[in-house]
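So the structure is just underneath, and the comments pick up after that.
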2 protein chains.
Amino acid sequence: MQLDEAKEKFIASWGSLGSNWGVSRTMAQVHALLMISEEPMSAEDVMGALNISRGNTNMSIRSLIDWGLVEKLHKLGERKEFFQAEKDMWKVATRIARERRKRELAPIMSVLEQVKEVEVSDGNKQEAGKFLKQMNEIENFASRIDRMMAKLDQADERWFSSLLSKFMKR
Amino acid sequence: MQLDEAKEKFIASWGSLGSNWGVSRTMAQVHALLMISEEPMSAEDVMGALNISRGNTNMSIRSLIDWGLVEKLHKLGERKEFFQAEKDMWKVATRIARERRKRELAPIMSVLEQVKEVEVSDGNKQEAGKFLKQMNEIENFASRIDRMMAKLDQADERWFSSLLSKFMKR
DNA sequence: TAAAACTTTCATAAATAATTGAAAGTTCGA
DNA sequence: TCGAACTTTCAATTATTTATGAAAGTTTTA
């Protein structure tokens with residue numbers, strides 16, 4: 001396989017992976033492109049390399065910056081902005097985990113809170129009881145995951161690695 | 001809040017959560033409905049409760065069975081099939097992890113394998129070297145996650161809990 | 001074996017999400 | 001302050017994903 005071909009393949013498949021991870025396909029492709037680029041690239045460069053529109057390029061880069069996966073920088077003597085990706089996989093993973101915690105876990109936890117306010121009367125005592133029990137179980141689990149992700153966000157990779165090796169022992 | 005209202009709210013929000021998790025919205029709603037139903041339900045029941053078409057009901061239930069989140073059962077003396085959801089959150093989470101490992105991790109690992117076959121010539125030695133280094137890092141990370149998920153799939157909840165508490169200590 | 005009861009399929013339709021590109025906005029240097 | 005260089009916005013379009021429901025298929029019972 002030629003190098004260019006390999007790069008394209010990686011970009012395409014990172015793109016489809018992304019679409020399963022709450023990162024849109026193009027967004028993930030831009031990230032992939034920047035990950036394998038040796039130099040920071042301008043919006044124009046990205047646009048050309050992936051053959052996408054100016055607007056889409058801008059939106060994708062913007063979201064990647066929001067997610068903390070790409071950073072903007074300025075080259076001396078250049079007017080244009082350049083972008084470079086976070087290449088460290090540990091950081092990439094924790095950034096994604098952080099965003100998803102915010103976007104997904106938070107809303108479900110809030111619904112679980114609300115739903116527990118249900119009125120219990122004589123008539124529905126048993127049914128409501130079972131419902132509440134189920135809701136509590138879910139909330140319990142969700143909040144464990146939530147705390148875990150919050151921790152992960154602060155943690156560093158070495159700590160995680162050592163945990164992982166304990167994890168794999170048994 | 002009334003009980004019915006609370007149930008609807010839970011179903012709706014479980015649905016939108018699902019759509020972020022590779023489970024389609026309706027599929028997740030059916031799962032939610034079955035989780036809070038005290039009795040197993042028939043396809044007809046589900047169709048009525050969620051106001052969705054016969055075809056969609058069938059497809060959603062079928063996928064849930066594939067994912068291992070719902071099981072089919074027969075009531076004595078009834079011709080119809082009934083369905084009941086896995087209600088234990090630990091099992092729900094491990095089933096989802098198992099499917100996603102299969103659907104997402106596996107393909108990217110295979111691409112990483114392929115891409116490492118890239119031809120290195122004198123001309124692109126340096127560039128190819130950096131590319132390969134990057135691919136190796138990603139593969140390394142991915143395979144750690146992969147092994148972790150494989151382990152999770154076999155593990156039981158108590159073990160996970162004790163790990164989690166170690167995890168939360170530091 | 002017929003027909004009723006139930007389940008599955010699949011072409012088409014509807015809903016949702018992503019993309020385009022021209023126009024408007026912004027920033028910077030002279 | 002002007003205008004060139006660059007960035008952002010957003011209404012309209014295009015692509016992708018889901019849902020529908022009538023028709024075909026299957027199983028069971030009488």
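As the structure is a computational prediction, the values presented were derived from the model and not from experiment. Naming: A, B, ... by sequence-line order, numbering from 1 per chain.
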Worksheet item: Between which nucleotides of DNA chain D, 5' to 3', does chain A make heavy-atom contacts below 4.0 Å?
Response: dA4(D) to dT9(D)
Worksheet item: How many Å lie between NZ on Lys80(A) and C1' on dT27(C), as a whole number?
Response: 16 Å
Discussion item. Please report the distance, rounded to the nearest Å, between CG in Asn58(A) and C1' in dT20(C).
Written reply: 13 Å
Worksheet item: So does Ser24(A) get a side-chain nitrogen or oxygen closer than 4.0 Å to the phosphate oxygens (OP1/OP2) of dA17(C)?
Response: no
Fill in: salt bridge (Lys or Arg N to Asp or Glu O under 4.0 Å) between Lys7(B) and Glu127(A), worked out
CA-CA 11 Å; Lys7(B) 286 185 172 182; Glu127(A) 194 186 354; 2.7 Å; yes
Practice prompt. Give Thr26(A) one of three labels, base, sugar-phosphate or nothing, depending on what nucleic acid heavy atoms sit under 4.0 Å from its own.
Written response: sugar-phosphate
Discussion item. If you apply the rule salt bridge (Lys or Arg N to Asp or Glu O under 4.0 Å), what do you find for Lys87(A) with Glu137(B), and how did you get there?
Written reply: CA-CA 9 Å; Lys87(A) 297 188 180 189; Glu137(B) 257 175 51; over 6 Å; no
Worksheet item: Tell me, which of residues 47-55 of chain A have any heavy atom that sits under 4.0 Å from an atom in DNA chain D?
Response: Arg54(A), Gly55(A)
Worksheet item: Are Phe131(A) and Met89(B) connected in the hydrophobic side-chain network, where two residues link if heavy atoms are under 4.5 Å apart?
Response: yes
Item to complete: Round to the nearest Å and state the distance from His74(B) atom NE2 to dC6(C) atom P.
Response: 13 Å
Practice prompt. Select from Met27(A) and Glu78(B) the residue whose nearest nucleotide in DNA chain C is closer to the 5' end of that strand.
Written response: Glu78(B)
Worksheet item: Between Trp90(B) and Phe160(B), what is the ring plane arrangement, given parallel below 30°, perpendicular above 60°, and tilted in between?
Response: tilted
Fill in: Under 3.5 Å: donor-acceptor pair, side chain of Asn58(A), backbone of Arg54(A)
no
Practice prompt. Identify whether any heavy atom of Glu81(A) sits under 4.0 Å from a base atom; if not, whether one sits that close to sugar-phosphate; answer base, sugar-phosphate or nothing.
Written response: sugar-phosphate
Worksheet item: How about Arg158(A) and Ser162(A): does a side-chain donor come under 3.5 Å of a side-chain acceptor?
Response: no
Fill in: CA sep, side-chain torsions, deciding dist, call: Lys130(A), Glu38(B), salt bridge (Lys or Arg N to Asp or Glu O under 4.0 Å)
CA-CA 8 Å; Lys130(A) 284 191 182 164; Glu38(B) 317 202 21; 3.1 Å; yes
Worksheet entry | Any donor-acceptor N or O pair under 3.5 Å, side chains Ser42(B), Asp45(B) | yes
